[in-house]
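First comes the structure, then the notes that go with it.
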Amino acid sequence: MQMEPDITIPSTEGLLSTDEVARWSESLDHLLSHKYGLTAFRTFLRSEFSDENIEFWMVCEEYKKMKSSTKLVSTANKIFKEFIDVQAPREVNIDYRTREKTKQSLEDPSPTSLNEVQAMVYSLMEKDSYPRFLKSKMYQDLVNRAHAQGQRRSV
């Protein structure tokens, strides 16, 4: 039986409120835009040995912010080799057409070169791993602990 890793709710600043943890269930965007939500989701995916999608999504977020064309080229090559190439060690699940289109767009990379493939991977997470996360013992424990901490504070 696979054990889910424990997520420690910070006990000082940034204490998670019940509302914040509950908001993560409203959308994948809410979850990924919160520092602890993103950490919890990544940890959950690691526990399932399926964290390549979130890791790819995160490197794409950083890639979009790059200004240097030299840095774009080197980073695009690294991302392609790590996540997109058929023999990539952390290959994301995309179709042949998208893989080829991405390969072509990375021949002359721009900050938007990975947008389509990133959107596809986001959609996969939203339909597959995100609902599993919300049903997981890990998420339920976070909700319960945030609720318990909130009750202790209001006593």
Side-chain angles (χ1 to χ4, degrees), residues 1-10 14 16-17 19-143 145-146:
M1 182 177 129
Q2 171 119 6
M3 295 284 296
E4 290 188 32
D6 188 41
I7 295 282
T8 303
I9 296 176
L16 289 174
S17 70
D19 289 346
E20 186 57 53
V21 176
R23 232 176 276 133
W24 297 349
S25 69
E26 292 173 11
S27 74
L28 182 55
D29 275 340
H30 277 299
L31 178 67
L32 298 181
S33 66
H34 191 277
K35 180 170 111 177
Y36 298 122
L38 177 60
T39 299
F41 190 54
R42 287 176 72 193
T43 302
F44 169 74
L45 292 175
R46 261 189 237 117
S47 77
E48 293 196 327
F49 304 99
S50 63
D51 62 335
E52 66 282 341
N53 287 341
I54 191 65
E55 298 300 327
F56 174 73
W57 181 84
M58 291 172 56
V59 296
C60 287
E61 287 297 291
E62 291 305 311
Y63 176 83
K64 288 184 211 179
K65 298 173 189 170
M66 293 181 180
K67 303 287 185 233
S68 157
S69 58
T70 310
K71 187 108 171 113
L72 274 175
V73 171
S74 68
T75 304
N77 286 329
K78 285 179 192 166
I79 292 171
F80 186 82
K81 286 177 184 154
E82 176 89 11
F83 295 101
I84 299 170
D85 194 25
V86 180
Q87 299 299 317
R90 305 183 77 194
E91 182 184 356
V92 291
N93 186 8
I94 56 173
D95 60 85
Y96 176 80
R97 185 198 66 78
T98 304
R99 187 178 323 277
E100 289 304 305
K101 191 173 176 185
T102 304
K103 188 176 184 177
Q104 287 174 356
S105 76
L106 292 178
E107 287 173 11
D108 184 20
S110 76
T112 60
S113 293
L114 296 169
N115 286 3
E116 183 181 347
V117 69
Q118 183 188 22
M120 184 176 281
V121 167
Y122 180 93
S123 179
L124 286 170
M125 289 190 299
E126 192 171 43
K127 290 181 181 111
D128 183 42
S129 45
Y130 174 62
R132 280 197 324 274
F133 171 73
L134 295 178
K135 292 175 187 163
S136 71
K137 182 180 182 320
M138 177 188 291
Y139 178 67
Q140 297 308 315
D141 286 351
L142 282 169
V143 170
R145 274 191 268 163

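Just so you know, these numbers come straight off a predicted model, no measurement behind them.
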Q: Apply side chain to side chain contact (heavy atoms under 4.5 Å, CB included) to the pair Arg90 and Asp51, showing each step before the final yes or no.
A: CA-CA 9 Å; Arg90 305 183 77 194; Asp51 62 335; 3.2 Å; yes
Could you check if a side-chain atom of [X] sits within less than 4.5 angstrom of a side-chain atom of [Y], using non-hydrogen atoms only?
{"X": "Arg97", "Y": "Lys101", "result": "yes"}
{"X": "Ile84", "Y": "Arg99", "result": "yes"}
{"X": "Arg42", "Y": "Met58", "result": "yes"}
{"X": "Trp57", "Y": "Leu32", "result": "yes"}
{"X": "Glu55", "Y": "Val59", "result": "no"}
{"X": "Lys65", "Y": "Pro111", "result": "no"}
{"X": "Val121", "Y": "Phe83", "result": "no"}

Q) Would you say the side-chain atoms of Ser123 and Lys127 include a donor-acceptor pair closer than 3.5 Å? A) yes
Q: Could you verify whether a donor N or O on one side chain and an acceptor N or O on the other, from Tyr122 and Asp29, lie under 3.5 Å apart?
A: yes
Q) Thinking salt bridges, do Lys64 and Glu61 make one under a 4.0 Å N-O criterion? A) yes
Q) Between Asp85 and Lys103, does at least one N-O distance fall below 4.0 Å, as a salt bridge requires? A) no
As an exercise, state the distance from [atom1] of [X] to [atom2] of [Y], rounded to the nearest 0.5 Å.
{"X": "Tyr36", "Y": "Glu20", "atom1": "OH", "atom2": "CD", "answer": "11.0 Å"}
{"X": "Tyr63", "Y": "Leu106", "atom1": "OH", "atom2": "CG", "answer": "5.5 Å"}
{"X": "Thr43", "Y": "Met138", "atom1": "OG1", "atom2": "CE", "answer": "5.5 Å"}
{"X": "Ile79", "Y": "Gln118", "atom1": "CD1", "atom2": "CD", "answer": "9.5 Å"}
{"X": "Leu45", "Y": "Met125", "atom1": "CG", "atom2": "CE", "answer": "7.5 Å"}
{"X": "Leu134", "Y": "Ser129", "atom1": "CG", "atom2": "OG", "answer": "10.0 Å"}

Review item, side-chain donor-acceptor pairs of residues 69-76, under 3.5 Å, at least two apart:
residue	atom	partner	partner atom	Å
Ser74	OG	Lys71	O	3.2
Thr75	OG1	Lys71	O	2.8

Q) Would you find more than 12 non-hydrogen atoms of other residues, nucleotides or ligands less than 6.0 Å from Asp108 atom CG? A) no
Q.
Quick check on Lys81: does its NZ atom have over 12 non-hydrogen neighbours (other residues, nucleotides or ligands) under 6.0 Å away?
A. no
Q | Minimal non-hydrogen separation, Ala40 against Leu142, with atom names | A | CB-CD1, 3.7 Å
(Q) If you compare all heavy atoms of Asn53 against all heavy atoms of Asn93, which two are closest, and at what distance to 0.1 Å? (A) OD1-N, 4.3 Å
Q: Mind telling me whether Phe41 and Phe44 have parallel, tilted or perpendicular rings, with 30° and 60° as the class edges?
A: parallel
Q) In terms of ring plane angle, is the pair Phe133 and Tyr139 parallel, tilted or perpendicular, where the classes change at 30° and 60°? A) tilted
Q) Residues two or more places apart in sequence or in another chain: which of them pass side-chain contact (heavy atoms from CB on, under 4.5 Å) with Asp128? A) Arg132
Q. Who passes side-chain hydrogen bond (donor to acceptor under 3.5 Å, both in side chains) against Ser33, sequence neighbours left out?
A. none
Q. Any donor and acceptor pair, going by atom type alone, linking the side chain of Thr39 with main-chain N or O of Lys35 inside 3.5 Å?
A. yes
